[in-house]
Amino acid sequence: MRLPRHAVVLFAGDTPVGSVNVCFECGDILVWPDFEPPASGPTAERRLRQQMKAYKRVFPEWERFFRDDLGLPLTPPVQP
């Protein structure tokens, strides 16, 4: 896992109230604050399947947003 390089921070006035951090190299997404408490047992597996389905639908939209709309590179520059 790498640390996500791209983030969207949500503000209420001058106070940050949430963020979504995305790593386009490893595919990790970190959300703050957690919007669901951790699940366990059969609920955890079902929730994971639902999250992966949503991830596969949303992740390409995040790529498009950062790359096309904002013009940001999705991966770090190659170091000489």
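Quick caveat, the model's predicted, so the values are computed rather than measured.
- Under the side-chain contact (heavy atoms from CB on, under 4.5 Å) criterion, S40 pairs with no residue, sequence neighbours left out.
- The salt bridge (Lys or Arg N to Asp or Glu O under 4.0 Å) pairs that include a residue from residues 6-16 number zero, where partners must be two or more places apart or lie in different chains.
- Going from atom NE2 of H6 over to atom OG1 of T75 covers 8.5 Å, rounded to the nearest 0.5 Å.
- W32 and V9 fall into different hydrophobic clusters, where Ile, Leu, Val, Met, Phe, Trp and Tyr are joined by side-chain heavy atoms under 4.5 Å apart, directly or via other members.
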List the steps, then state whether side chain to side chain contact (heavy atoms under 4.5 Å, CB included) holds for W62 with L74.
CA-CA 10 Å; W62 281 104; L74 299 183; over 6 Å; no
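- For the salt bridge (charged side-chain N to carboxylate O under 4.0 Å, His left out) test, no residue two or more places apart in sequence or in another chain qualifies with D34.
- Remark: P73 pairs with no residue by the side-chain contact (heavy atoms from CB on, under 4.5 Å) rule, at least two apart or across chains.
- In this structure, V20 is not a member of the same hydrophobic cluster as F11, with clusters built from ILVMFWY side-chain heavy atoms closer than 4.5 Å.
- When all heavy atoms are compared, the tightest approach of G18 to P33 is CA-CD, 3.9 Å.
- Residues meeting the ring-ring contact (aromatic ring centres under 6.0 Å, His included) test with F65, sequence neighbours left out: none.
- Within the structure, side-chain hydrogen bond (donor to acceptor under 3.5 Å, both in side chains) pairs that include any residue of residues 63-74 comprise E61-R64, R64-D69 (at least two apart or interchain).
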Pair up each side-chain donor or acceptor in residues 47-60 with any protein partner under 3.5 Å, not counting sequence neighbours, and list the distances.
unit_1, atom_1, unit_2, atom_2, d
R47, NH1, P37, O, 2.5
R49, NH1, E45, OE2, 3.3
Q51, NE2, E36, OE1, 3.2
Y55, OH, G27, O, 2.8

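- Among pairs with a residue in residues 71-80, none fulfils salt bridge (Lys or Arg N to Asp or Glu O under 4.0 Å), at least two apart in sequence or across chains.
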